[in-house]
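Here the structure comes first, spelled out in structure tokens, and everything after it is commentary.
Small disclaimer: the values here were computed from a predicted structure and weren't measured. First listed ligand is number 1; within each ligand, the first listed atom is number 1. Only this structure's heavy atoms are used, side chains among them; waters, hydrogens and symmetry mates stay out.
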Amino acid sequence: MFDISPQLDCGGRLLRLDRPRVMGIVNVTPDSFSDGGDHDSVEAAVAHGLQLVAEGADLLDIGGESTRPGSAPVPLDEELRRVIPVIERLARDTTVPISIDTFKPEVMRAAVAAGAGLINDIQALRQPGALDAAADLGVPVVLMHMQGEPGSMQDTPHYDDVVAEVHRFLTERMFQAEMAGVAKKHLIIDLGFGFGKTTEHNMILLARSDRFLELGVPMLAGLSRKRSIGELTGREQPRDRVAGSVAAHLIAAQRGAMLLRVHDVAATVDALKVWAAVDAVPMPRVS
Ligand SMILES: Nc1nc2ncc(COP(=O)(O)OP(=O)(O)O)nc2c(=O)[nH]1
């Protein structure tokens with residue numbers, strides 16, 4: 001149907017896209033919205049990453065700067081101090097691809113040099129130097145939609161047509177990336193759930209996320225423990241939003257997402273196994 005590549009070469013570590021793949025979140029931050037401070041030392045972050053791989057994570061996403069609404073920016077040297085040692089250790093101690101969650105080109109370059117094989121950029125390479133860094137590094141890159149900036153994006157998000165506007169943004173960022181020299185086979189899109197969007201916007205995007213498959217690149221979905229899940233379920237604490245998060249990611253997978261960015265790897269892996277079993281049942285022969 002669409003010419004989505006069957007695998008991603010993440011700096012030599014292949015990620016087959018024969019089924020939805022689970023990206024385990026390792027936030028090396030003191031203030032991430034759902035697990036801030038839990039893994040903000042190298043040892044704790046490495047141990048958490050190894051635990052997520054043991055639970056079935058197909059790749060890990062290492063982040064050194066919280067992007068929650070109202071979060072404070074992290075200086076370059078601090079972000080490097082947080083993430084590089086963790087990437088080095090995890091790249092050594094696991095065989096799964098390691099992703100760097102950053103929008104700073106200097107962090108992208110240092111992270112890939114340290115062993116990361118995928119760039120996860122919530123700003124879709126809009127920072128000065130980011131397009132060139134992605135083109136030079138030659139690894140897959142996630143282009144995510146965000147309306148506004150983390151500090152104020154949730155104040156009054158508004159769209160005339162959220163699907164059309166996110167689609168137009170991602171199409172344009174893909175064009176800019178390819179013009180800068182990023183191979184289309186390295187592009188991944190992400191609708192940016194919770195980044196300048198109300199719960200209604202998020203649900204419309206989730207319901208119609210299959211509309212984005214026509215862009216011909218893998219799609220990543222990241223709804224894990226987010227505020228929208230809390231609003232729909234009444235779960236105040238992000239840690240209590242596991243069932244809602246798993247449901248949302250299962251729906252995203254059914255609508256074509258090939259990468260699921262989650263905190264709760266074991267629960268998500270279990271849900272995908274049940275879905276795969278049902279999906280494997282042959283369609284009835286039309287007599
Ligand atoms: N591609 C992508 N990257 C992301 N990075 C961070 C967060 C925010 O979640 P989390 O990392 O758990 O929180 P924080 O940013 O507070 O560390 N969400 C996404 C997302 O939806 N897509």
Who's the nearest protein heavy-atom neighbour of [atom], and how far?
atom                    : answer
atom 12 (O) of ligand 1 : His263 NE2, 2.8 Å
atom 21 (O) of ligand 1 : Lys226 NZ, 2.7 Å
atom 17 (O) of ligand 1 : Ser32 OG, 2.5 Å
atom 16 (O) of ligand 1 : Ser66 OG, 2.7 Å
atom 2 (C) of ligand 1  : Asp190 OD2, 3.1 Å
atom 5 (N) of ligand 1  : Asp101 OD2, 2.8 Å

Look at the aromatic rings of Phe169 and His145 and report parallel, tilted or perpendicular, splitting at 30° and 60°.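 It falls in the perpendicular class, over 60°.
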
For the residue pair His201 and Tyr159, categorise the inter-ring angle as parallel (less than 30°), tilted (30 to 60°) or perpendicular (more than 60°).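 His201 vs Tyr159 ring planes: perpendicular.
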
State if Arg225 counts as touching ligand 1 under the rule of any non-hydrogen atom under 4.0 Å.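 For ligand 1, residue contact (heavy atoms, under 4.0 Å) with Arg225 is absent.
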
Determine, using heavy atoms of Asn27 and all atoms of ligand 1, whether some pair is separated by less than 4.0 Å.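 The answer is yes: ligand 1 sits under 4.0 Å from a heavy atom of Asn27.
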
Does any non-hydrogen side-chain atom of Asp58 lie less than 4.5 Å from one of Val96?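 Side chain of Val96 against side chain of Asp58, heavy atoms only: no contact under 4.5 Å found.
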
[X] with [Y]: basic N within carboxylate O range, under 4.0 Å:
X      : Y      : value
Asp101 : Arg261 : yes
Arg82  : Glu79  : no
Arg241 : Asp264 : no
Asp240 : Arg235 : no

Does any N or O of ligand 1 fall below 3.5 Å from an N or O anywhere on [X], backbone included?
X      : answer
Thr67  : yes
Arg261 : yes
Asn120 : yes

May I ask you to list the atoms of ligand 1 that are less than 4.0 angstrom from any heavy atom of [X]?
X      : answer
Ile122 : 3 (N), 4 (C), 5 (N)
Arg68  : 15 (O), 16 (O)
Gly222 : 21 (O)
Met144 : 2 (C), 20 (C), 22 (N)

Please check this pair: side chain of Glu78 against backbone of Val74, looking for a donor-acceptor N/O pair closer than 3.5 Å.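 No, Glu78 side chain to Val74 backbone: no donor-acceptor pair under 3.5 Å.
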
